[in-house]
Amino acid sequence: MAIRNIRTDGDDILRKVCKPVKEMTPRISELIDDMFETMYEANGVGLAAPQVGVLKRIVVIDVFDDHPLVLINPEIVESDGEQIGEEGCLSLPGLAGEVARPAHVVCKALDRDMKPITVEGTELLARAICHELDHLDGILYKDLAINGLHRSDIPEEEEESEEQE
């Protein structure tokens with residue numbers, strides 16, 4: 001496993017649409033491991049493959065610290081309600097903004113074994129799923145921010161120890 005460089009705003013790859021994963025390969029498996037390691041090192045709760053320079057429809061999410069999710073070729077098939085909350089992104093370090101997201105989502109995807117799964121989420125999990133899936137279509141949360149972005153309230157010396165998406 002290795003920590004990969006996280007691409008930041010302005011990198012063209014973050015604006016591209018990712019391609020579906022057709023089969024699990026040793027390279028894809030290594031990518032997933034690296035994505036988790038990179039996300040944890042950066043104190044994030046989610047990471048999409050384009051954020052580490054790979055145009056594949058893969059996201060990793062861990063909002064509960066004990067139930068990491070791998071979503072391959074994910075698709076939101078149901079959503080309802082609304083929640084408005086502050087988001088950050090590992091690709092836009094030090095910034096935050098309020099974004100409206102569904103309060104509840106149902107996501108169909110393939111797991112690491114390429115078996116179909118359905119993940120249902122509310123609150124932070126729903127927000128993380130929507131945020132990470134947007135990355136797969138070249139959308140950054142700043143595009144959806146209600147009142148634009150602002151500097152995060154996290155003091156710079158504490159930023160490394162705080163969680164961000």
Side-chain angles (χ1 to χ4, degrees), residues 1 4 6-7 14-25 27-52 54-92 95-147 149 152 162-165:
M1 293 196 315
R4 297 193 182 205
I6 296 174
R7 305 294 181 95
L14 294 175
R15 293 302 189 166
K16 297 189 186 243
V17 175
C18 296
K19 296 181 191 254
V21 175
K22 295 179 181 168
E23 65 179 333
M24 181 55 62
T25 64
R27 260 181 106 170
I28 296 290
S29 184
E30 180 181 354
L31 169 64
I32 291 168
D33 290 341
D34 290 354
M35 286 174 65
F36 273 117
E37 188 169 354
T38 301
M39 178 186 73
Y40 292 136
E41 177 69 20
N43 294 311
V45 296
L47 190 68
Q51 290 181 275
V52 293
V54 180
L55 289 173
K56 292 288 187 186
R57 296 191 77 78
I58 303 170
V59 303
V60 297
I61 297 172
D62 191 352
V63 298
F64 302 118
D65 292 327
D66 64 349
H67 190 67
L69 293 171
V70 174
L71 303 175
I72 299 171
N73 302 333
E75 176 185 359
I76 294 173
V77 295
E78 184 182 321
S79 66
D80 58 73
E82 182 180 72
Q83 59 171 315
I84 296 175
E86 193 160 277
E87 291 186 20
C89 181
L90 296 175
S91 291
L92 287 93
L95 298 174
E98 282 195 335
V99 178
R101 299 281 189 189
H104 169 260
V105 297
V106 177
C107 177
K108 291 196 178 226
L110 300 173
D111 67 10
R112 189 179 192 134
D113 297 320
M114 300 298 281
K115 302 238 187 301
I117 59 170
T118 301
V119 177
E120 192 167 347
T122 60
E123 300 174 8
L124 181 57
L125 181 55
R127 180 172 296 284
I129 289 170
C130 292
H131 179 108
E132 298 310 329
L133 269 61
D134 278 351
H135 276 296
L136 303 181
D137 293 319
I139 300 167
L140 298 177
Y141 85 100
K142 74 176 192 171
D143 304 334
L144 309 172
I146 296 167
N147 295 311
L149 300 182
S152 173
E162 293 292 325
E163 286 192 355
Q164 292 182 3
E165 275 187 70

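Only this structure's heavy atoms are used, side chains among them; waters, hydrogens and symmetry mates stay out.
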Atom pair [atom1] ([X]) and [atom2] ([Y]), whose distance is rounded to the nearest 0.5 Å:
| X | Y | atom1 | atom2 | answer |
| --- | --- | --- | --- | --- |
| L71 | L133 | CG | CG | 7.0 Å |
| H131 | H135 | NE2 | NE2 | 3.5 Å |
| I58 | I32 | CD1 | CD1 | 5.0 Å |
| M24 | L31 | CE | CG | 9.0 Å |
| I129 | S79 | CD1 | OG | 11.0 Å |
| E30 | E37 | CD | CD | 10.5 Å |

Criterion side chain to side chain contact (heavy atoms under 4.5 Å, CB included) on L55 and K19, from CA distance to verdict: CA-CA 6 Å; L55 289 173; K19 296 181 191 254; 5.6 Å; no

Validation row: V70, M35 side chains within 4.5 angstrom (heavy atoms):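 They are not in contact (no side-chain heavy atoms under 4.5 Å apart), so the answer is no.
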
Beyond-backbone contact of L125 with V119, side-chain heavy atoms, under 4.5 angstrom: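 Yes, their side chains come closer than 4.5 Å.
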
Nearest atoms (heavy-atom pairs only) where A42 meets L90: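 Smallest heavy-atom distance, with atoms named: O-CD2, 3.6 Å.
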
Nearest atoms (heavy-atom pairs only) where Y141 meets L95: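 Minimum heavy-atom separation between Y141 and L95: OH-O, 3.3 Å.
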
Sidechain-backbone polar pair: S91 side chain, Q51 backbone, donor-acceptor under 3.5 Å: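 Absent.
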
Polar side-chain atom of E132 near backbone of A48 as donor-acceptor pair, under 3.5 Å: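 Answer holds: yes.
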
Salt bridge (charged side-chain N to carboxylate O under 4.0 Å, His left out) contacts touching residues 105-119 (sequence neighbours left out):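 Applying salt bridge (charged side-chain N to carboxylate O under 4.0 Å, His left out) to every pair that reaches into residues 105-119, excluding sequence neighbours, yields D33-R112.
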
Using distance only, find each side-chain donor-acceptor pair of residues 99-106 under 3.5 Å and give its atom names and separation, not counting sequence neighbours.
unit_1 : atom_1 : unit_2 : atom_2 : d
R101   : NE     : E87    : OE2    : 2.8
R101   : NH1    : D134   : OD2    : 2.7
R101   : NH2    : E87    : OE1    : 3.1
H104   : ND1    : D80    : OD2    : 3.0
H104   : NE2    : E120   : OE2    : 2.7

Residues that N73 engages under side chain to side chain donor-acceptor pair (under 3.5 Å), provided they are two or more places apart: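 N73 satisfies side chain to side chain donor-acceptor pair (under 3.5 Å) with no residue once adjacent residues are dropped.
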
D34, I61, V52, V60 screened by side-chain contact (heavy atoms from CB on, under 4.5 Å) with M39, the one that passes: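 Going through D34, I61, V52, V60 one by one, the side-chain contact (heavy atoms from CB on, under 4.5 Å) with M39 is satisfied by V60 alone.
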
Non-neighbouring partners of Y40 that pass ring pair (Phe, Tyr, Trp, His ring centres under 6.0 Å), sequence neighbours left out: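 Here the qualifying residues are F36.
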
By salt bridge (charged side-chain N to carboxylate O under 4.0 Å, His left out) - contacts of K56 (at least two apart):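 Per chain and number, K56 pairs via salt bridge (charged side-chain N to carboxylate O under 4.0 Å, His left out) with no residue.
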
Chi angles and distances behind the side chain to side chain contact (heavy atoms under 4.5 Å, CB included) call for L110, V21: CA-CA 9 Å; L110 300 173; V21 175; over 6 Å; no

